[in-house]
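The structure under discussion appears below in the form of structure tokens.
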Number of protein chains: 2
Amino acid sequence: MVRQPYSSSSLKAELNSRGWRLTPQRETILHVFQNLPRGHHLSAEELFHLLQKRGEEISLSTIYRSVKLMTRMGILRELELAEGHKHYELNRPHPHHHHHIVCIQCNRTLEFNNDSVLKQSLKQAEKEGLQLIDCQLTIMTICPEAIRMGWPSALPSNWACTRAISESDPNRDIEEIEQEIAETESSEDN
Amino acid sequence: MVRQPYSSSSLKAELNSRGWRLTPQRETILHVFQNLPRGHHLSAEELFHLLQKRGEEISLSTIYRSVKLMTRMGILRELELAEGHKHYELNRPHPHHHHHIVCIQCNRTLEFNNDSVLKQSLKQAEKEGLQLIDCQLTIMTICPEAIRMGWPSALPSNWACTRAISESDPNRDIEEIEQEIAETESSEDN
DNA sequence: TTATTTGCAAAGGGTTTGCAATGTC
DNA sequence: GACATTGCAAACCCTTTGCAAATAA
């Protein structure tokens with residue numbers, strides 16, 4: 001969005017200028033997010049397991065510390081969708097920037113682009129004299145299945161839509177994600 | 001937004017139609033949110049303390065259960081700003097609907113209106129065949145003070161802007177909120 | 001009367017933190 | 001060499017849950 005230090009070297013420069021240090025762990029984590037297929041976002045725990053499977057052991061606390069740091073630097077976006085825990089993804093500059101639609105019943109998530117939201121946000125931030133870091137429009141919806149099931153009454157707590165309204169299912173298996181990353185890995189740019 | 005059962009009687013009707021019940025606790029909680037001054041949102045804990053001070057003891061678990069229920073019914077909006085815990089406010093219909101600007105350093109929050117965001121959201125939801133319940137645009141910013149303090153480096157963890165960029169400071173004292181509510185209490189409509 | 005809701009206390013789950021060891025600048 | 005960072009385990013905090021008693025319909 002506003003900041004875009006996506007290469008390891010610019011990450012290093014950015015960190016060092018603040019008296020911080022580039023560590024293999026931070027480099028690895030940045031690398032994972034760089035190669036995450038579009039439409040994916042990882043929780044700290046997911047990132048941890050993903051790295052474990054790759055044989056790159058980074059402790060959970062380091063992961064939590066790193067994503068928090070990178071979020072405060074504006075490198076990552078912290079998403080609070082409806083899963084009950086945070087997800088992270090690269091805070092990409094303009095044309096890749098996107099928003100989310102969530103079903104508040106089944107938590108399935110769908111991405112969409114909308115430039116005018118970004119424009120409105122820039123205008124609004126400027127008006128307040130604040131520097132824009134990110135903007136996130138989250139649209140809460142109810143999917144037709146949930147309505148058919150009798151929403152807003154209590155549905156079985158783990159009920160999920162039969163129709164997949166999501167390309168970026170937060171509940172999918174790590175292995176699936178891992179595989180997609182492997183496929184993307186060729187188009188790498190560090 | 002989409003749903004608007006704001007009176008006790010329509011809440012009762014809505015609950016009963018689902019086999020649920022109107023309890024004094026639920027009525028009280030709805031009442032608090034109805035009379036919350038514009039620009040305010042409460043966490044479960046804040047709501048708990050506020051009621052305590054009024055002498056209306058509702059257990060924390062009931063509060064958590066109630067706000068969750070009302071959110072799923074579309075009566076409340078669940079806000080995930082930057083405080084680390086959820087806040088709630090009435091999910092108001094059109095002209096009162098609003099969005100938030102947050103400073104990711106000091107968490108101060110500012111409200112703003114923007115009809116076009118709602119329009120865009122309606123269009124997007126419709127396009128996906130989903131029923132809109134709510135939409136929230138959250139603009140993450142950095143305030144000038146934080147930039148001056150050397151952002152994105154680590155600032156003192158409890159550092160806060162000297163300039164108040166918020167009419168709805170999440171950290172304000174409950175008593176203050178309580179007082180404002182008392183002042184608003186006259187323009188009641190149940 | 002029957003099923004829901006409450007309140008309490010205990011458990012849960014994601015996230016943070018203290019501290020000694022390690023690694024970066 | 002000085003100071004940031006890691007990893008581990010314990011602590012934390014917000015939130016949820018089990019269950020018996022109370023209560024709305």
Side-chain angles (χ1 to χ4, degrees), chain A residues 8-9 11-30 41-49 51-52 56-73 76 78-88 107 153-154 157-158 170-171, chain B residues 8-9 11-30 41-49 51-52 56-73 76 78-88 152-154 157-158 170-171:
Chain A
S8 295
S9 54
L11 176 63
K12 177 166 160 51
E14 173 88 26
L15 287 167
N16 289 350
S17 76
R18 302 298 177 183
W20 296 339
R21 292 168 187 183
L22 180 64
T23 62
Q25 288 90 338
R26 287 173 182 176
E27 214 171 339
T28 300
I29 290 170
L30 174 63
H41 27 77
L42 297 175
S43 67
E45 208 118 349
E46 284 168 342
L47 178 52
F48 177 70
H49 290 309
L51 290 168
Q52 239 178 0
E56 307 211 51
E57 298 274 351
I58 298 181
S59 75
L60 244 188
S61 25
T62 297
I63 288 180
Y64 274 110
R65 279 189 281 233
S66 299
V67 294
K68 192 177 175 183
L69 179 75
M70 292 183 187
T71 300
R72 293 193 134 207
M73 290 174 75
L76 297 181
E78 192 174 74
L79 307 177
E80 312 247 20
L81 302 173
E83 297 88 8
H85 50 267
K86 293 167 186 162
H87 279 73
Y88 298 87
N107 288 347
S153 73
S157 61
N158 50 2
N171 296 316
Chain B
S8 294
S9 54
L11 176 63
K12 177 166 161 51
E14 172 88 27
L15 287 166
N16 290 349
S17 76
R18 300 299 176 183
W20 297 338
R21 294 171 186 181
L22 181 63
T23 62
Q25 290 88 338
R26 288 175 180 172
E27 213 171 341
T28 299
I29 291 171
L30 174 63
H41 27 77
L42 297 175
S43 67
E45 208 118 352
E46 284 169 341
L47 179 51
F48 176 70
H49 290 309
L51 288 168
Q52 240 179 359
E56 307 212 49
E57 297 274 349
I58 298 181
S59 76
L60 243 187
S61 25
T62 296
I63 288 180
Y64 275 108
R65 281 188 280 231
S66 299
V67 294
K68 192 176 174 183
L69 178 75
M70 293 183 187
T71 300
R72 293 193 133 205
M73 290 175 76
L76 296 181
E78 192 173 74
L79 307 177
E80 311 248 19
L81 302 172
E83 298 88 7
H85 50 264
K86 294 167 186 161
H87 279 73
Y88 298 85
S153 72
S157 60
N158 50 2
N171 296 316

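Every chain is numbered from 1, with letters handed out A, B, ... down the list of sequences.
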Rounded to whole Å, please give me the gap between [atom1] in [X] and [atom2] in [N].
{"X": "L69(A)", "N": "dT6(D)", "atom1": "CG", "atom2": "P", "result": "9 Å"}
{"X": "R26(A)", "N": "dA4(D)", "atom1": "CZ", "atom2": "C1'", "result": "8 Å"}
{"X": "E78(B)", "N": "dT16(D)", "atom1": "CD", "atom2": "C1'", "result": "14 Å"}
{"X": "R21(B)", "N": "dA24(D)", "atom1": "CZ", "atom2": "C1'", "result": "5 Å"}
{"X": "L42(B)", "N": "dC14(D)", "atom1": "CG", "atom2": "C1'", "result": "16 Å"}
{"X": "I29(A)", "N": "dG7(D)", "atom1": "CD1", "atom2": "C1'", "result": "13 Å"}
{"X": "H85(B)", "N": "dT16(D)", "atom1": "NE2", "atom2": "P", "result": "14 Å"}
{"X": "F48(B)", "N": "dC13(D)", "atom1": "CZ", "atom2": "P", "result": "16 Å"}

Just checking [X]: base, sugar-phosphate only, or nothing, at a heavy-atom cut-off of under 4.0 Å?
{"X": "R65(B)", "value": "base"}
{"X": "E57(A)", "value": "sugar-phosphate"}
{"X": "T23(A)", "value": "sugar-phosphate"}

Check: Given the rule in the side chain to side chain donor-acceptor pair (under 3.5 Å) test, do H49(B) and E46(B) qualify, once you have shown the distances and angles that lead to the verdict?
Finding: CA-CA 5 Å; H49(B) 290 309; E46(B) 284 169 341; over 6 Å; no
Notebook entry, point to check: So does K68(B) get a side-chain nitrogen or oxygen closer than 4.0 Å to the phosphate oxygens (OP1/OP2) of dT16(D)?
Noted result: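 Affirmative; the distance criterion is met.
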Next item on the list: Taking only the side-chain nitrogens and oxygens of Y64(B), find out if one of them lies under 4.0 Å from OP1 or OP2 of dT15(D).
Entry: yes
Next item on the list: Say whether, by atom type as modelled, one donor and one acceptor occur between the side chain of R26(A) and the main chain of R21(A) under 3.5 angstrom.
Entry: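 Here the side-chain-to-backbone pair exists.
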Check: Is any side-chain heavy atom of L69(A) closer than 4.5 Å to a side-chain heavy atom of R65(A)?
Finding: no
Check: Can you give the first and last nucleotides of DNA chain C, 5' to 3', that have an atom under 4.0 Å from a heavy atom of chain A?
Finding: dG14(C) to dC25(C)
Check: Toward the 5' end of DNA chain C, which comes first, G19(B) or L60(B), by nearest nucleotide?
Finding: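 Here G19(B) is the residue nearer the 5' end.
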Note to self: Using 0.5 Å steps for rounding, measure from the OG1 atom of T23(A) to the CD1 atom of I29(A).
What the structure shows: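 The distance works out to 7.5 Å.
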Item checked: Comparing Y88(B) and N16(B) on DNA chain D - which has the more 5′ nearest nucleotide -> Y88(B)
Note to self: If you only use heavy atoms from C-beta on, which nucleotide in dG7(D), dA2(D), dT16(D) is closest to the side chain of Q25(A)?
What the structure shows: dG7(D)
